[in-house]
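Input: a single structure, listed below in structure tokens.
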Amino acid sequence: MDKSIELSLEQQFSLRSFETQVERMSHEQAQHFLVKLYEQMMLKETMYKHFLKHQWGIESGPQF
């Protein structure tokens with residue numbers, strides 16, 4: 001990862017808190033959580049693509 005882009009102090013704290021929560025999860029809870037997290041990451045990527053296409057005026061489909 002690029003060292004010029006670092007987490008803020010607040011983000012570092014949040015990451016440490018998240019790490020503690022994950023350590024306390026059962027194996028099954030962690031697996032379920034990872035699947036849900038991956039789903040959310042894919043939805044976020046899809047939303048970004050949609051917003052960029054809209055902003056750049058390159059959306060496909062009928063324009064009314």
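Scope of the values below: all heavy atoms of this structure, side chains included, with no hydrogens, waters or symmetry mates.
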State the CE-CE distance between M42 and M47, to the nearest 0.5 angstrom. 14.0 Å
Hits for side chain to side chain contact (heavy atoms under 4.5 Å, CB included) against Q55, two or more places apart or cross-chain, chain-then-number order -> none
Looking at residues at least two apart in the chain, or sitting in another chain, which of them share a ring pair (Phe, Tyr, Trp, His ring centres under 6.0 Å) with F13? none
What distance separates H50 NE2 from L43 CG, expressed to the nearest 0.5 Å? 13.0 Å
Could you list the residues that satisfy side-chain hydrogen bond (donor to acceptor under 3.5 Å, both in side chains) with E45, not counting sequence neighbours? K49
Once salt bridge (charged side-chain N to carboxylate O under 4.0 Å, His left out) is applied, what residue pairs with a partner in residues 24-44 remain, sequence neighbours excluded? K36-E39
Counting neighbours of CG on L9 that are heavy atoms of other residues, nucleotides or ligands and sit closer than 6.0 Å, is the number greater than 12? no
CE (M41) and CG (L34) are apart, to the nearest 0.5 Å, by 10.0 Å
Quick one: does any side-chain atom of Q29 pair with a main-chain N or O of S26 as donor and acceptor, under 3.5 Å? yes
All ring pair (Phe, Tyr, Trp, His ring centres under 6.0 Å) counterparts of F18, not counting sequence neighbours: F33
State yes or no: do L37 and M25 share one hydrophobic cluster built from I, L, V, M, F, W and Y residues joined by side-chain heavy-atom distances below 4.5 Å, directly or via other members? yes
List for me each residue that meets side-chain hydrogen bond (donor to acceptor under 3.5 Å, both in side chains) alongside E19, sequence neighbours excluded, and say none if there are none. R16
